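Below, all heavy atoms of this structure are taken into account, side chains as well, without hydrogens, waters or symmetry copies. In this chain, numbering begins with 1 at the start of the sequence shown. As the structure is a prediction and not an experimental result, all values here were calculated from the model.
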Amino acid sequence: MYQMDTIVAISTALGEGAIGIVRLSGPQAIELAAKVFKGKDLKQMASHTIHYGHIVDPKDKMIIDEVMVSIMRSPRSFTTEDVVEINCHGGVIAVQRILDLLLQVGARLAEPGEFTKRAFLNGRIDLSQAEAVMDLIQAKTSRAMAASMNQLKGSLSEKIRQLRQEMLQTLAQVEVTIDYPEYDDVEEVSLQYLHETSQTVKQQIKQILQQAQQGKLFREGIQTAIIGRPNVGKSSLLNRLTGIEKAIVTDIEGTTRDTIEEYVNIRGVPLKLIDTAGIRQTDELVEQIGVDKSRQLMEQADLIILLLNQSEPLQETDIELLTATNGKTRIILLNKQDLPMQLNQKVLAQYTDKDEVIYTSMATENGIEQLEQAIEQKFFAGQLQATDVNYLLNSRHTALLHQAIAALDEVLDAIDASMPVDLIQIDFTKAWDLLGEIIGESVQDELLDKLFSQFCLGK
């Protein structure tokens, strides 16, 4: 176990609440907690037990709070160290006073994320699982939480270890053929091993990256741009989906001059809604800046919800927006259904290609449920459930996987160029190392240890 001092921190959010938790972890966690606890002797208590008592200032014997104290002895704890959790009354003063007392008797204030860091350094979880802890905390929907939990249980780690093991076996075989060249086809056999494994691993990495695109939607939300001419109901739609009056709604064109962003949970799908300024030609400087920003966001969005006013014929700006968003993932809303239809649907059909077209009325909220269903179907229609999200990659994982693919491409190119096996092996080992960085495993020294532990090269 990685030996460290004893740390302490408040584990619950600051502010008023029913319960606050102050957590200790380290070799002196139980001893330090016992110094400020009046009740049973914590040093004599068994692991995974909870005890009633009071926190008392050891200097003046003043009672600070009535508490329940949980004991978790090493190695059966999150950090694998002795862990104590003091459950006190919620509120800023109570938890802060208890924290101050523990600092006074010898604990050190934990750094951000240090409890999870210790769990990693002590081998309880790997690096990708440690990162999943933060994803779990930041999850915006139940699906995102389930995806994070899946990764915390080691779905990505298991896959990476499987790939590394496959590569390790190939490296071992190559080492054997190089060190014991008893056959004439040693070079050919080694190159065949490297070529087959490189192709297989490369393909599986690509599959991980492909599946991770769905995971990205759970992590960051689907960036959804609500676009249309001024006064077609964009801000009203934002308000209906969020359930609050987030945007100002008036009959005056150009009311929304800047983008308004809000996260919303649509049937377990996180959407980052962006209400854009109405797109039209204008000489007003501030409004024009908003229009320019709307056009930029339209290019970057994962999903576009294009509103058209069905109580008016198609305008030139409508046609411009339909053309500009053609081929993108979009849903078209024919809004203001409560008014007489004036829009020529045959003309509209000329600019749509299998697009979802929904009739809505922001005034009566008609069509909102159909819109929510369409969003769910468009992104997760029968092909992905929360428990199916195996890979919730962050930018570090993605970068390392792309680097590993590049290293494997170097291997394949070198084989085609008939380079020596020992040189090709360098790039192959580099790819192995890069995959190891994802889960935080050591590199060259570990590679040698595993090679000798799995294969006896002497005979």
Side-chain angles (χ1 to χ4, degrees), residues 126-129 131-132 135 147 150-151 153-178 185-220 383-384 388-451 454-455:
D126 63 41
L127 200 54
S128 68
Q129 290 174 296
E131 291 167 310
D135 291 331
N150 198 32
Q151 184 147 312
K153 289 189 292 186
S155 60
L156 176 62
S157 308
E158 183 180 350
K159 184 62 177 179
I160 295 299
R161 287 194 175 91
Q162 175 189 331
L163 293 178
R164 295 186 84 224
Q165 181 63 26
E166 190 173 343
M167 298 174 74
L168 190 65
Q169 290 173 350
T170 298
L171 283 169
Q173 293 289 349
V174 171
E175 287 288 347
V176 170
T177 55
I178 290 175
D185 61 350
V186 164
E187 185 87 5
E188 182 181 344
V189 171
S190 297
L191 291 176
Q192 183 179 350
Y193 282 142
L194 290 169
H195 189 277
E196 290 177 356
T197 305
S198 295
Q199 288 280 28
T200 301
V201 173
K202 176 183 172 182
Q203 185 59 37
Q204 292 188 61
I205 292 175
K206 286 185 174 181
Q207 289 176 359
I208 293 174
L209 288 168
Q210 184 177 5
Q211 292 185 38
Q213 291 303 311
Q214 296 279 21
K216 181 182 177 183
L217 298 179
F218 283 114
R219 178 197 300 279
E220 300 175 6
Q383 55 185 321
L384 184 67
D388 297 328
V389 182
N390 291 320
Y391 313 119
L392 196 64
L393 304 187
N394 57 33
S395 57
R396 186 183 74 86
H397 300 154
T398 302
L400 287 170
L401 289 172
H402 280 297
Q403 291 174 43
I405 288 176
L408 292 172
D409 283 336
E410 291 289 335
V411 172
L412 296 170
D413 290 343
I415 292 173
D416 291 339
S418 301
M419 298 286 287
V421 173
D422 52 348
L423 294 180
I424 297 173
Q425 202 175 354
I426 294 173
D427 286 321
F428 192 84
T429 304
K430 179 183 177 182
W432 189 90
D433 291 339
L434 289 164
L435 292 179
E437 287 186 41
I438 293 174
I439 53 179
E441 292 190 358
S442 57
V443 286
Q444 296 297 333
D445 290 343
E446 182 194 25
L447 172 59
L448 294 175
D449 291 340
K450 284 195 173 183
L451 280 171
Q454 296 185 54
F455 293 88

Residue list, side-chain hydrogen bond (donor to acceptor under 3.5 Å, both in side chains) with [X], at least two apart or on another chain:
X    : answer
S198 : none
E196 : Q192
Q204 : K159

Let me confirm one number: the [atom1]-[atom2] distance from [X] to [Y], rounded to the nearest 0.5 Å.
X    : Y    : atom1 : atom2 : value
L163 : L435 : CG    : CG    : 6.5 Å
D427 : D413 : CG    : CG    : 9.5 Å
T200 : M167 : OG1   : CE    : 11.0 Å
T429 : L434 : OG1   : CG    : 11.0 Å

Legend entry - With D409 via salt bridge (Lys or Arg N to Asp or Glu O under 4.0 Å) - residues at least two apart: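 Here the qualifying residues are K202.
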Legend entry - side chain to side chain contact (heavy atoms under 4.5 Å, CB included) between I208 and H397, intermediate numbers included: CA-CA 10 Å; I208 293 174; H397 300 154; over 6 Å; no
Inset, instruction - Please test I405 against L401 for side chain to side chain contact (heavy atoms under 4.5 Å, CB included), starting from the C-alpha separation and ending with a verdict. - result: CA-CA 6 Å; I405 288 176; L401 289 172; 5.7 Å; no
Inset, instruction - Apply side-chain contact (heavy atoms from CB on, under 4.5 Å) to Q199 and list each qualifying residue two or more places apart in sequence or on a separate chain. - result: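 In terms of side-chain contact (heavy atoms from CB on, under 4.5 Å), with neighbours along the sequence ignored, Q199 is linked to H195, L412.
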At their closest point, which heavy atom of [X] faces which heavy atom of [Y], and how far apart are they?
X    : Y    : value
L191 : V421 : CD2-CG2, 3.8 Å
R161 : I439 : CG-CD1, 3.7 Å
T197 : T170 : OG1-OG1, 2.6 Å

